[in-house]
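What follows is a set of notes on a single structure, which appears directly below.
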Amino acid sequence: MFLHQEVSQKTDNLCTNSRTARYVNFPLTFPLSAESEAGESEANLARCAFWTQKRVREAEPGQILLYHIAVGALFCYSVQWLSRHQMFLCCQVSDFTVSCSVSIGKLVLIELDKQRFLFFPEEDWFPAKVVIKSPEGDTYTVPIYRWITDSKVHRYKEGTALRVFEDNHRHGSNSREEELKRRKEEYRWDVYKEGIPHCIKATNPCSLPPEVRFSFTKTVQFTFTALEGKIELMLEGLANCKKKWKDMHHLNRAFWHKTHMADYVQKHWKEDVFFGYQYLNGINPMLIRRCMALPSNFPVTDDMVFPRGQSSLEEEMKKGNIFLVDYKLLDGVKPSVINGKKQYLMAPLVLLHKTPQDQLMPIAIQLKQTPADDNPIFFPTDSEYDWLIAKIFVRSADFNVHELNVHLLRTHLLAEVFTVSLLRNVPMVHPLYKLLIPHTRYTLQINILARLLLISKTGVFTKFSASGGEGMITILKRSMASMTYSSLCIPEDIAERGLKDLPNFNYRDDGLRLWDIINRFVQEVLGYYYKNDAEVKQDSELQKWISDIFVHGFLSKKNTGIPQSFTSVTELVKFVTMVIFTCSAQHAAVNSGQYDFDGWMPNAPTSLQRPPPTKKGTTNEATMLDTFPDVNATVHGMAVVWLLSKQSTDFAPLGHYPKNHFTEETPCKLIKKFQERLEEFEASVKARNGILEVPYTYLIPSEVENSVAL
């Protein structure tokens, strides 16, 4: 047998006492050939044991041993180690010859074991896969993609996907049970706050299993980006400055990083047409809906919005030209205190009109939910600063709803639920695990960091946003109470909000196309494994996955519409499509443009520190500057959205799977087709963007990350 090792090195520096780690990428041909990204192994001894359904005699001395196990037969084996002169060398290819006198039969699983050599320190390995080619021409691939950090024997099943009711070999089924038992100890549920989705039980990133932590590259770049922003702000003397902004020129100097889109926002943030544009193609396209009847607490009349009598609200509603954004979620939320000063967070209502030129224009804004004399309705015909300050309060409300409801809850927290349930209930050999595991990459660690650094008592969001602290939990609970399955599925969400035919809605157009492409891929892959509804019902691991999601993600609330079990292939395909779309496309749509749209603070204030005007004609530029958050609150908000918008170089785009867990020919071909469809879609989006004044790039497949990783 021939053992082929390709070796590279990686270091995990996230933990204080980090150790040199090894990536191992085994292809083994038989005579056995193995490719590995293991580390230099001079200080380690390694063995491979291959379990099959055929028992043979012990391998010759000095060779790696093959274990051949007959179904139901007793077995015994001895172990032969690679000799000291046969070592895995870092960043090189090493070959090992291993002989076995008879066929290995059908492979069930393998064992990998490394032992520390003499006084050399323990080293970590990350085996990627083992590929075994038999003399009969059969090829077996064993995906691993896990860290080996100890000297124990580790078992890995041959990679052909198996549902639980197909896994009949006793050693295979035992290995499956042992894997899930270990995973349930490693990945435990926890309750961060009552009333919101449950999370992984972990105090910090180092308490996570190594294979779900950031890579060395991701860790270094994430840390560097964070430190870069903080140091720059400190050098400018802004990070600790609790003063107000002197003037707009002073604020402009603090706009320290500019992207093309951020620069556009800075130039156009005051314009009504751009204000309306952001409800369609900004980072929060999730609130706007067609208005067929005005809410009773929003007493707008025809003469207020059509003063020249050119139309009426009733007529325009019948034409489908009136749209509403209602921030009632924020009504009564207790705002935070920043720098010892009370902050203000409104719950506005915004009325918009689609003009004959297909522009979405704001025509009325009421900043509080209850009509009153001291709660005026603002219009574009008001004075420049009356209208502008009203829009600023709306944009601040939108920032807080976006970050907590649209971004944190509906992508990050749900992705964590999908991930933890997958890791606890579905073994590596299951087709669902193979399909979904790329869409869980880095999710657990980024969410732990968010809980530690952003929304904790000392977190940046808590300290410098209007909804930080008590208000944050109120918003999350209210958002959770109103979240439904249909609102997570973009075709149904767009239909429910009455937005199917609204022009210039690029998020909708690109999102629906991506949903269809993902849905087709999921249908093809799962349809290959599940031929009928009975097989779905029979799969206990699949049922446990969705059951845990219903209980821990949606808190057992039937009114969400989330299934408690799967009864059909169609139902399974739709839910898995939603999971992949949420973790990839939806997160990209509401995350990637954060610095583009929120980096220029006046367009998205994290907080405001003066109450809104109670009557018109009392505002000017000085009033606006006094209302803006203090310098330190502004720049910390800018630094956070910069960090959360910065891709790392080990970014994995949608449809690309560096760690491919599928080994069969059919799903591998389906992945290739999926990639081709994404490439065709990307070409069409780029062609469209070429004629747009403001290109919409957030759902270009090569810019969409596979998972919630940032």
Side-chain angles (χ1 to χ4, degrees), residues 252 255 257-289 321 323 325 350 352-363 380 387-388 391-392 394-396 398-399 401-403 406-407 490 494 497 499-514 585-605 638 641-642 644-647 653-654 681-705:
N252 184 54
F255 196 29
H257 282 295
K258 289 191 179 183
T259 64
H260 176 76
M261 189 62 205
D263 188 56
Y264 183 93
V265 171
Q266 185 186 21
K267 293 174 181 176
H268 297 274
W269 71 280
K270 294 181 179 180
E271 298 171 7
D272 286 358
V273 66
F274 184 67
F275 181 89
Y277 169 90
Q278 293 183 82
Y279 282 117
L280 303 181
N281 303 309
I283 55 171
N284 187 9
M286 307 306 297
L287 299 185
I288 187 171
R289 58 178 58 243
N321 291 335
F323 297 85
V325 182
V350 182
L352 301 109
H353 177 231
K354 182 181 76 68
T355 69
Q357 294 76 36
D358 286 338
Q359 293 178 324
L360 192 64
M361 303 289 281
I363 56 175
W387 181 235
L388 183 58
K391 290 191 292 183
I392 288 171
V394 171
R395 292 298 304 157
S396 181
D398 195 79
F399 172 87
V401 169
H402 164 261
E403 291 296 353
V406 175
H407 183 205
I490 188 171
I494 292 297
R497 292 194 280 145
L499 305 178
K500 282 186 174 182
D501 57 356
L502 182 59
N504 305 317
F505 196 1
N506 300 319
Y507 161 77
R508 175 203 59 205
D509 297 341
D510 295 356
L512 287 174
R513 285 281 304 277
L514 274 180
Q586 184 63 21
H587 180 253
V590 302
N591 175 80
S592 301
Q594 284 186 96
Y595 189 78
D596 287 347
F597 286 92
D598 295 355
W600 175 242
M601 179 274 289
N603 188 58
M638 291 167 60
V641 295
W642 170 256
L644 298 180
S645 304
K646 190 78 170 175
Q647 281 184 7
L654 179 62
F681 168 63
E682 179 159 338
S684 67
V685 171
K686 288 182 175 178
R688 178 206 64 199
N689 283 346
I691 60 174
L692 295 180
E693 178 185 357
V694 184
Y696 185 76
T697 61
Y698 304 115
L699 290 179
I700 291 177
S702 62
E703 300 295 323
V704 173
E705 191 148 15

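What's counted below: heavy atoms across the whole structure, side chains too, no hydrogens, waters or symmetry copies.
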So, do Val394 and Val325 sit near enough that their side-chain heavy atoms are less than 4.5 Å apart? no
Donor + acceptor pair across side chains of Glu703, Ser592 (<3.5 Å): no
Would you check if the distance from the ring center of His260 to the ring center of Tyr264 is below 6.0 Å? no
Just checking, any donor-acceptor pair under 3.5 angstrom between side chains of Trp600 and Asp263? no
Rounded to the nearest 0.5 Å, what separation is found between the NZ atom of Lys686 and the OG atom of Ser702? 5.0 Å
Would you check if Pro380 and Asp272 make a side-chain contact, meaning some heavy-atom pair closer than 4.5 Å? yes
Counting C-beta onward and ignoring hydrogens, is there a side-chain heavy-atom pair between Gln594 and His407 closer than 4.5 Å? yes
Begin with the C-alpha distance, continue with both residues' side-chain angles, and end with the deciding distance and a verdict on side-chain contact (heavy atoms from CB on, under 4.5 Å) for Val273 and Leu360. CA-CA 6 Å; Val273 66; Leu360 192 64; over 6 Å; no
Sub-4.5 Å side-chain heavy-atom contact between Ile392 and Trp269: yes
Has the side chain of Asp598 got a donor or acceptor atom that lies under 3.5 Å from a matching backbone atom of Ala604? no
Using a strict 4.0 Å threshold on nitrogen-to-oxygen distance, state whether Arg513 and Asp509 make a salt bridge. no
Does the side chain of Glu693 come under 3.5 Å of the side chain of Tyr277 through a donor N or O and an acceptor N or O? no
side-chain contact (heavy atoms from CB on, under 4.5 Å) between Asn281 and Val694, intermediate numbers included: CA-CA 9 Å; Asn281 303 309; Val694 184; over 6 Å; no
With side-chain contact (heavy atoms from CB on, under 4.5 Å) as the test, would you mind laying out the steps for Val350 and Tyr279 before giving the verdict? CA-CA 11 Å; Val350 182; Tyr279 282 117; 4.0 Å; yes
Are side-chain N/O atoms of Gln278 and Asn603 paired as donor and acceptor at under 3.5 Å? yes
Check: Asn321 side chain, Thr355 main-chain N or O, donor-acceptor pair, under 3.5 Å: no
Without swapping roles, check the side chain of Arg395 against the backbone of Phe275 for a donor-acceptor pair under 3.5 Å. no
Looking only at side chains, do Asp358 and Asn504 share a donor and an acceptor under 3.5 Å apart? no
When you compare the side chain of Met286 with that of Gln586, does any pair of heavy atoms fall below 4.5 Å? yes
Could you please spell out the steps behind the side-chain contact (heavy atoms from CB on, under 4.5 Å) verdict for Leu502 and Leu499? CA-CA 5 Å; Leu502 182 59; Leu499 305 178; 4.2 Å; yes
Could you tell me if Asp596 and Tyr698 have a donor-acceptor pair between their side chains, going purely by distance under 3.5 Å? yes
For the pair His353 (side chain) and Pro362 (backbone), establish whether a donor and an acceptor sit closer than 3.5 Å, ignoring hydrogens and angles. no
Treating Lys354 as the side-chain partner and Gln359 as the backbone partner, does any N or O pair qualify as donor plus acceptor under 3.5 Å? no
Is the shortest heavy-atom distance from the side chain of Thr697 to the side chain of Met261 under 4.5 Å? no
Between atom CG of Leu699 and atom CG of Asn506, what is the distance when rounded to the nearest 0.5 Å? 9.5 Å
Geometric class of the Tyr595/Trp642 ring pair [parallel <30°, tilted 30-60°, perpendicular >60°]: perpendicular
Would you say that Leu644 contacts Asn591 through its side chain, given a criterion of any heavy-atom pair below 4.5 Å between the two side chains? yes
Less than 4.5 Å apart, side chain to side chain, heavy atoms only: is that true for Phe681 and Pro701? yes
State whether Arg688 and Asp510 are salt-bridged, where the test is any N-O pair (Lys NZ or Arg NE/NH1/NH2 against Asp/Glu carboxylate O) under 4.0 Å. yes
Separation between CE of Met601 and CG of Asn252, rounded to the nearest 0.5 Å: 11.5 Å
